[in-house]
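Read through the structure below, which is laid out as structure tokens, and then see the notes.
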Amino acid sequence: MTTPSAATPSSTAPGQAHGPAPAQAGAPGGRRGSLGPVGLVLAGGISVQFGGALAVTLMPRAGALGVVTLRLLVAALVLMVLCRPRLRGHSRADWGTVIVFGVAMAAMNGLFYQSVARIPLGPAVTLEVLGPLTLSVLASRRALNLVWAALALTGVFLLGGGGFSGLDPLGVAFALGAGAMWAAYIVFSARTGRRFPQADGLALAMAVAAVLFLPLGVLESGTKLLDPTTFALGAAVAVLSSVLPYTLELLALRRLPASTFAILMSLEPALAATAGFLILDQTLAATEAAAIALVIAASMGAVRTQVGRGRRGRTEGGS
């Protein structure tokens, strides 16, 4: 599958006329088109990792599948109310894209929470981020991006202590599966953002994910999901881990290439380690701190490469 670049959407993409025009890398305002989406991605990453740490504390009350169900259901309700997406006027390809996006979202969440139910949050996110890193290597058309991806990959493995042999194999498998679904999420989030105005496609995809996961959550947790405290905590997880980050990422992917976005996802282990330290009382070793520094350096390099390309495009366009 060829991964599309969110920075160069087709001029004939359905629904594009209803939303703000994506900023082109070589157009005036290209700096905002490069740095603005980066800020959205970082804000989304911080939100999702602190939401994930909160979800870990909720699992004893509702179970892994129950937490995912609450997260997706509340997020879908909030987004459907806020966005009020149109159900008419979309093509079969539009609906196909949003349904696959919803399936990927449901699978990504379900697999990840099954993972963190078995292994610590930091290693789980470290393994999961291999999916976006692999996507960055496959999607990139610039040799320099491969360097940043390799540097980030080094930091990811270093953050995992150089190996994961001491972890529950099933938890590792779930985390790797979540990473594959994360890569699919990036691809179809970009496609959905080009086909639907604002966050309408995200709201519809979240509804698809919630409907798919609801039977699993009810089967595992039953009436526990109706406990007021459990539901309130689940709502907080939904806002932090789904509503805010997914909306910010969808907006970012309209103006940021998928390869650069995927490398920025390598910041997630660092953010997860920070959330684990502040909320779950997990400490960082010197090796883990060095790994975080490598990952951040790789992400900064990817951003600088993107900004530099935008500046060269503006210079060439004005000459």
Side-chain angles (χ1 to χ4, degrees), residues 1-24 33 36-37 40-41 44 47-48 68-110 181-218 225 231 234-235 237-258 261:
M1 173 170 29
T2 302
T3 304
S5 169
T8 56
S10 169
S11 59
T12 59
Q16 184 177 344
H18 300 284
Q24 301 296 324
L40 296 177
V41 172
S47 181
V48 76
V68 177
T69 299
L70 286 174
R71 170 179 169 173
L72 295 176
L73 183 61
V74 173
L77 291 174
V78 170
L79 287 172
M80 290 295 286
V81 169
L82 292 178
C83 298
R84 298 181 182 180
R86 291 186 299 108
L87 299 181
R88 298 176 180 271
H90 302 298
S91 68
R92 182 176 299 180
D94 293 341
W95 282 112
T97 298
V98 85
I99 288 173
V100 174
F101 184 27
V103 171
M105 194 184 304
M108 176 181 69
N109 282 282
M181 291 299 100
W182 196 357
Y185 161 85
I186 292 172
V187 173
F188 284 95
S189 179
R191 293 183 181 182
T192 300
R194 291 194 295 270
R195 287 182 173 274
F196 290 84
Q198 305 301 329
D200 287 13
L202 174 63
L204 294 171
M206 190 70 74
V208 171
V211 169
L212 289 175
F213 225 94
L214 183 59
L216 298 176
V218 171
L225 300 178
F231 189 85
V237 171
V239 173
L240 288 173
S241 295
S242 294
V243 177
L244 285 177
Y246 290 174
T247 301
L248 295 175
E249 289 172 4
L250 183 141
L251 296 175
L253 276 164
R254 285 175 172 164
R255 294 180 287 165
L256 195 67
F261 179 89

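Smallest separation of non-hydrogen atoms from Gly44 and Pro245: O-CB, 3.3 Å. Nearest heavy-atom pair, Arg195 versus Asp94, reported as atom, atom and distance to 0.1 Å: NH1-OD1, 2.7 Å. Across all their heavy atoms, Met181 and Ala104 have their closest contact at CB-O, 3.9 Å. When all heavy atoms of Ala75 and Ser242 are compared, the pair lying nearest together is CB-CB, 3.6 Å. Minimum heavy-atom separation, Leu72 to Ala210: O-CB, 3.7 Å.
In this structure, Leu79 and Thr247 have side chains that are in contact, with non-hydrogen atoms separated by less than 4.5 Å. Looking at heavy atoms from C-beta onward, Val103 lies in side-chain contact with Leu212 at the 4.5 angstrom threshold. Taking the side chain as every heavy atom from C-beta outward, Phe188 and Met105 never approach each other to under 4.5 Å.
Classified by interplanar angle (parallel below 30°, tilted 30° to 60°, perpendicular above 60°), the ring pair Phe196/Trp95 is perpendicular.
Across Leu202, Val208, Leu204, a single residue satisfies side chain to side chain contact (heavy atoms under 4.5 Å, CB included) together with Phe101, and that is Leu202.
Residue Thr97 holds its OG1 atom at 9.5 Å from CZ of Arg194, rounded to the nearest 0.5 Å. Interatomic distance, Leu73 CG to Phe231 CZ, rounded to the nearest 0.5 Å: 6.5 Å.
Every residue meeting the side chain to side chain contact (heavy atoms under 4.5 Å, CB included) condition with Val239, not counting sequence neighbours, appears here in chain and number order: Leu244. Take Leu216 and apply the side chain to side chain contact (heavy atoms under 4.5 Å, CB included) test, not counting sequence neighbours, and it matches Leu65, Phe213.
Counting only distance, with no hydrogens or angles, the side chain of Thr69 and the backbone of Leu214 share no donor-acceptor pair below 3.5 Å. A donor-acceptor pair is defined here as one N or O able to donate and one able to accept, closer than 3.5 Å; such a pair exists between the side chain of Arg71 and the backbone of Ser241.
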